[in-house]
Student: 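Got a structure for you, questions after.
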Amino acid sequence: MPKIEVIEDTLYQLVGKRFDEEELISILTSAKAELDSRVPEEGLLKIELNDTNRPDLWSATGLARHLRIFLSAKLPTYNFFSTKEESKDWGNRTVEVDTTLKSIRPYITAFAVSGKSIDEPMLKDIIQSQEKLCWNYGRKRKSIAMGIYRSDLITYPVKYFAAEPDKTKFLPLGFEKELTLREILTQHPKGVEFGYIVENFHRFPFLTDAHGGVLSLPPIINSARIGAVQVGDSELFIELTGTDYPSLLHATSIMACDLADSGFTILPVKTIYPYDTPYGREVVTPFYFQDPITLDLGDASKLLGVEITPEEAKKNVTRLGCKASLKDNFITVTPPEYRNDFLHPVDIIEDIMIGRGMETFQPIMPTEFTVGRLTREEEFARKVKEIMIGLGFQEMIYSYLGSRKDFIDSMGIPEDRVIRIENPMTEKYEYVRNSILPNLLCSESVSANAVYPHHIFEIGKIVYPEPAQNYGTDTRNYLGFLSSDRNVGFNEANSLVSAVFFYLSRDYALEETSDPRFIRGRAAEIVYNGKNVGIFGEIHPRVLENWGIQMPCTGCEIDLDKLLEE
Amino acid sequence: MEIDVKSLHPLEVKVLKNTEGELAAEKLVKNLSFNIGQCNQVFSWLSVKNLIKEKKRIKKIQYELTDLGKEYQEKGTPEELIVKTLKEKGSMTIPELSSYLGLENKDVGSAYGRLAKVGILSMGEGKKVFLNTSHGGWPSIVRTLLNRANESGFLEESELSDEQKEVISEISKKRGASASPFRLTEREEVIYEVTPEGRKVKEILKEKGITGEEIGAVTPEILSSGEWKGNAFREYNINIPPSRVLLGRKNPYGEFLEEVKNKLVSLGFEEFDGPLVETEFWNSDALFMPQFHSARDIHDVYHIKKPEYAKQIEQPFLDQVAQTHENGWKTGSRGWRYSFDRQFTRRLILRSQGTVLSAKTLPRAKVPGKYFGIVRCFRYDRVDATHLSDFYQTEGIVLGEEVNLRTLLGLLKMFAEEVAGAQEVMYVPGYFPFTEPSVEVHIKHQELGWFELGGSGIFRPEVTQPLGVEVPVLAWGLGIDRMALMSLGLNDLRELFSYDIESVRLRRRKH
């Protein structure tokens, strides 16, 4: 979930109203936003935005727009949007796309702005929007990347083509020498961070103006000349490249509305493709691409539990920025340019709910009768737990993840019996346990100072590979227990196992085992219903040594699911 | 300081009751048949309690009987043997005596010297030794000393006559005493006296009739012999700190989770559970989270290294979910408009949200139906006080014709009151990819103040319809870890899964 920083004064200026903290917290809920913290000395607010389908709220301008409309129920007009039917004047501003990009990074949108000199807070907010849009909404620039340039240095048409990574050179932003596109991937910090998006292509996306002046290597880095925007610039060119056209158009609309709200004039740009796109071969952006959506208000009343009248519904959705028309008991919503989160009519219902206000809905208790119950496994686990407690054992609860050292090396078991995580965050949590014994031994290894004797147990899940299963693995409910003291031994463990089975009313047999975790001849496999259901015995001193334990231990573990099988 | 006479050991009682004047070990040995160890112990106990105090120290000289001394006592000293031999066999030379008695020449020589000095022996013609008189004098004094010492193992110098002192000093050495019958030791003896407090206690003991002879532990022997009849039982001090008992018990966090489960069962919820390893399909696809969603990145979910893929996804759910993603299928949605990846959907991962099990329950759920689970989930997070790589999530669903926003609020209110004991409840719009509308519930907790108890919403039709459910389904999740921490007096989530036996043993619930 994105978190943004906004300058308090800027926000209130844009909204046209100041709030105290309580009012702010309350009004932010209409945007599904929370005040994370404030930095009074810098006049900053940190705000967390919860709705990942509302990237239009991820800037001071966008959030202010929402609050302004929510309070006034007055909709702004943006007259620079082209539609399928009508294109706005693009002047000479065109982008020509080369056919090679079709399989690399096929779409580009652009527009220019003018008429205002950019100041520091505005530049910060634009860069913040750019980052949040490309990172959270554009999947870390994979599906959306944005570049902002000094348009007074650009001669149209802008050329978007795929360049030879080893033969093409330019001076990237923040560097003092020219690098080839491939060198940027290894030498420039942005290249290192985002290079993976293009590195497997033979050619890299590249953007120049008509004279070959370099704009950028999308989606990685701007050039140091045309791509270096500073405070005081007033003529900007903005382009977005990506793989998903609707979300690209959406991000473009958000940027354009933000800049328009900040006082810029938006100048449309036409993009010409040599291949088909969902919106044709020539698209003038910003482009309104959303479809209207219709809701049966009977469904809204049913889902909200109160009668919703058409007029009320229209008023409600207007506060969320939507134009609406009514026919009988149906409402048709035209989403605002900067929103693209209406997938299903239910999405209108939520806007009605927010527009109407949560406080207008009175809670009522569900009355339908249902029978509550625990799972059979949980009921059985509780029975076992009670027996273990009666035997003097302390229940433990452990993490199911651990290191190779703990789960495999120290236990002396083969690695292929333990499920490994492909993308662990650290090697400390790299494997999923296939036994409770390593957790119990880990406890013992850190508890030599605790008064002896130690009697501990856990009932929990373990996982191991099981090729016959659909998931190739099996999750089982296990009981594991461990005793540690000067004089623990096989006989005591044997008595405990016998007590557990006696009170579970289950007969069992023992078989000799050569499991290397235990001392040979002092361990046994437990057989129930003809199946091996567990093991217990004296933990081998080699294993204890691996754990740094200097007190004798006996351990046991039992597959409780197998005891439940008929 | 007031002394509780019940806290006195029987030995202490006996000492206080039965002695007058100065207290010395010797006296206790003699009068109360204590051994030296008991004397030292009782003096130390009584001194700590300030019932007796040191009065003075006396230097004492003792003569301890050595092994040689014991042999002399038993078989006779060389002097005695010489006198006896001469008396029976007549005069002999010193070498003859030595060989007859089996002694060294020099020992016989020095014995002769001592006896000659006191006139018992004299040397005659042919260097023969003659017996002048066989009575009294030096050998008999030695004999007396040996016999007396044999009784107690040592002799006190203070109890010897001057003559005895003179003799014993000749036949004792301080160190290397193996050649002498006595070893001389010097030590200090501490003499105690009863303090005024001690005298008070003595009075109390007298008043209460405590003798130190009362019955202590009740044994089977005492019961079977009936010895207890007519005897008093020693009264114990009930205020002494008890010793520690190690017991079997539940983990308090587990107990907390059990209580929440019990509460949910009592509210009519049926528990669900499932495997830790899941597919992308159930973890996210079935919940209508698009496969390109940022929360589905490799950095948010743990992937299983081997095997990588489930063999299959159950039909018709796979087709229905795939089409819903692509174009909405027949749910009325426009869908996410992308090409659903049917290989990626089989990718095996560690369950990252409890909602997986809500989704998996849908195809088999009863209507009306209420379900819940408190299940382990895994997150790609750096572990710290507020994040764990695996943790419990509390989730559930409610199915039925009467499910709507208002019953959802009612349910959240019920959770707030019944599970969290909240006094005030506030609802705010929320966001979850799989519910619409979505609501968060914030509660005012007696100790924690305002916090977010949980999130909920009505499952999107894109979630329920592909899984064959036509009624509205309410989905909810509760964040109970903060309440758990508070209930356990902790402030670090890692502590809930502590490896430390002692800290788990000592951990208690606050309520």
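To find a chain, count down the sequence lines: A is the first, B the second, and so on, and within it residues start at 1. The structure displayed is predicted, hence computed values, not measured ones.
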Student: Checking B:I501 against chain A: side chain, backbone, both or neither under 4.5 Å from a heavy atom?
Tutor: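 Contact with chain A: backbone and side chain both.
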
Student: So which of B:W336, B:F272, B:Y338 has the biggest tally of heavy-atom pairs under 4.5 Å with chain A?
Tutor: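 Of the options given, most contacts go to B:W336.
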
Student: Among B:V425, B:L408, B:N251, which residue has the highest count of heavy-atom pairs closer than 4.5 Å to chain A?
Tutor: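 Winner by heavy-atom pair count: B:N251.
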
Student: Using 30° and 60° as the class limits, which term best fits the ring planes of B:F415 and B:W476: parallel, tilted or perpendicular?
Tutor: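 Answer is tilted, since the angle falls between 30° and 60°.
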
Student: Say whether A:D406 and A:Y431, considering side chains only, have a donor N or O and an acceptor N or O under 3.5 Å apart.
Tutor: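 The criterion, which ignores hydrogens and geometry beyond distance, is not satisfied for A:Y431 and A:D406.
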
Student: Taking A:M388, A:K428, A:M396 one by one, which has the highest count of heavy-atom pairs under 4.5 Å against chain B?
Tutor: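 Top count of heavy-atom pairs under 4.5 Å with chain B: A:M396.
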
Student: Look at B:P472, B:S503, B:G430 and state which one has the largest set of heavy-atom pairs under 4.5 Å with chain A.
Tutor: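 Between B:P472, B:S503, B:G430, the count favours B:G430.
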
Student: Do A:E466 and A:Y471 pair up side chain to side chain, a donor and an acceptor below 3.5 Å, judged on atom types alone?
Tutor: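 The answer is no; no qualifying pair exists.
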
Student: Please flag which part of B:T279 lies under 4.5 Å from any non-hydrogen atom of chain A: side chain, backbone, both or neither.
Tutor: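 For B:T279, the contact with chain A is made by backbone and side chain together.
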
Student: With a 4.5 angstrom heavy-atom cut-off, could you sort out which part of B:S266 is near chain A: side chain, backbone, both or neither?
Tutor: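 Neither part, no heavy atoms under 4.5 Å.
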
Student: Heavy-atom pairs under 4.5 Å with chain A are the metric here; pick the option from B:K366, B:E401, B:R460 that has the most.
Tutor: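 Top count of heavy-atom pairs under 4.5 Å with chain A: B:R460.
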
Student: Taking the basic N atoms (NZ, or NE/NH1/NH2) and the acidic carboxylate oxygens, is any pair closer than 4.0 Å for B:E417 and B:K413?
Tutor: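 Yes.
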
Student: Using non-hydrogen atoms only, which part of B:K306 is less than 4.5 Å away from chain A: side chain, backbone, both, or neither?
Tutor: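 For B:K306, the contact with chain A is made by the backbone alone.
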
Student: Check the side chains of A:E427 and A:S403 for a donor-acceptor pair under 3.5 angstrom, ignoring hydrogens and angles.
Tutor: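 Looking only at side-chain atoms, A:E427 and A:S403 do not form any donor-acceptor pair under 3.5 Å.
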
Student: At a 4.5 Å cut-off on heavy atoms, which part of B:E440 comes close to chain A: side chain, backbone, both, or neither?
Tutor: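 Looking at B:E440, just its side chain touches chain A.
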
Student: So which part of B:V383 gets closer than 4.5 Å to some heavy atom of chain A, the side chain, the backbone, both or neither?
Tutor: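 It is the side chain, since no backbone atom gets that close.
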
Student: What part of B:L496 gets within 4.5 angstrom of chain A, counting heavy atoms only: side chain, backbone, both, or neither?
Tutor: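 For B:L496, the backbone is the part near chain A, not the side chain.
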
Student: Between B:R382 and chain A, with a heavy-atom cut-off of 4.5 Å, which part of the residue counts as in contact: side chain, backbone, both or neither?
Tutor: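 Backbone plus side chain of B:R382, per the 4.5 Å heavy-atom cut-off to chain A.
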
Student: Side chain from CB out, backbone as N, CA, C, O: work out which of these in B:L246 comes under 4.5 Å of a heavy atom of chain A, or both, or neither.
Tutor: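 Interface part for B:L246: side chain.
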
Student: Kindly indicate whether a cation-pi arrangement holds for A:R476 with A:Y464, taking the cut-offs as under 6.0 Å to the six-membered ring centre and within 45° of the axis.
Tutor: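 No, A:R476 does not lie over the aromatic ring of A:Y464.
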
Student: Would you say the ring centroid of B:H325 lies under 6.0 angstrom from that of B:F288?
Tutor: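 Close enough - the centres of the two rings lie under 6.0 Å apart.
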
Student: Count the heavy atoms belonging to other residues, nucleotides or ligands that lie under 6.0 Å from CG of A:N449, then report whether that count exceeds 12.
Tutor: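 Incorrect, the count does not exceed 12.
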
Student: Counting heavy-atom pairs closer than 4.5 Å to chain A, which one of B:P461, B:G254, B:P307, B:G400 comes out on top?
Tutor: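 Maximum pair count with chain A is reached by B:P461.
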
Student: Please classify the contact between A:D299 and chain B as side chain, backbone, both or neither, with a heavy-atom cut-off of under 4.5 Å.
Tutor: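 Neither part, no heavy atoms under 4.5 Å.
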
Student: Find out whether the Lys NZ or Arg CZ of B:R376 is both under 6.0 angstrom from the six-membered ring centre of A:Y400 and within 45° of the ring's axis.
Tutor: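 Yes, a cation-pi geometry.
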
Student: Non-hydrogen atoms of chain A under 4.5 Å away: do they reach the side chain of B:R347, the backbone, both or neither?
Tutor: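 Contact with chain A involves the side chain of B:R347 alone.
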
Student: Are A:E368 and B:K370 close enough for a salt bridge, meaning some N to O gap below 4.0 Å?
Tutor: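 Looking at B:K370 together with A:E368, the answer is no, because their closest N to O distance does not fall below 4.0 Å.
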
Student: With a 4.5 angstrom heavy-atom cut-off, could you sort out which part of B:V398 is near chain A: side chain, backbone, both or neither?
Tutor: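 Looking at B:V398, nothing touches chain A.
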
Student: Would B:R244 and B:E502 count as a salt bridge (Lys or Arg N to Asp or Glu O under 4.0 Å) if you check the C-alpha gap in whole Å, the side-chain angles of each, and the deciding distance to 0.1 Å?
Tutor: CA-CA 13 Å; B:R244 172 138 179 221; B:E502 187 69 355; 2.9 Å; yes

Student: Does any heavy atom of chain A fall under 4.5 Å from the side chain of B:F269, the backbone, both, or neither of them?
Tutor: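 Backbone only.
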
Student: Can you tell me which of B:S498, B:G457, B:S333 forms the most heavy-atom pairs within a distance under 4.5 Å of chain A?
Tutor: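 So the answer, after comparing B:S498, B:G457, B:S333, is B:S333.
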
Student: What part of B:I458 gets within 4.5 angstrom of chain A, counting heavy atoms only: side chain, backbone, both, or neither?
Tutor: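 When you check distances to chain A, only side chain atoms of B:I458 fall under 4.5 Å.
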
Student: Please find out if less than 6.0 Å separates the ring center of B:F497 from that of B:Y253.
Tutor: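 Ring centroids of B:F497 and B:Y253 are less than 6.0 Å from each other.
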
Student: Counting the benzene-type ring for Trp, do B:Y302 and B:F378 have ring centres under 6.0 Å apart?
Tutor: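 Centroid distance B:Y302-B:F378: not below 6.0 Å, so no.
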
Student: Using non-hydrogen atoms only, which part of B:F292 is less than 4.5 Å away from chain A: side chain, backbone, both, or neither?
Tutor: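 B:F292 touches chain A through backbone and side-chain heavy atoms alike.
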
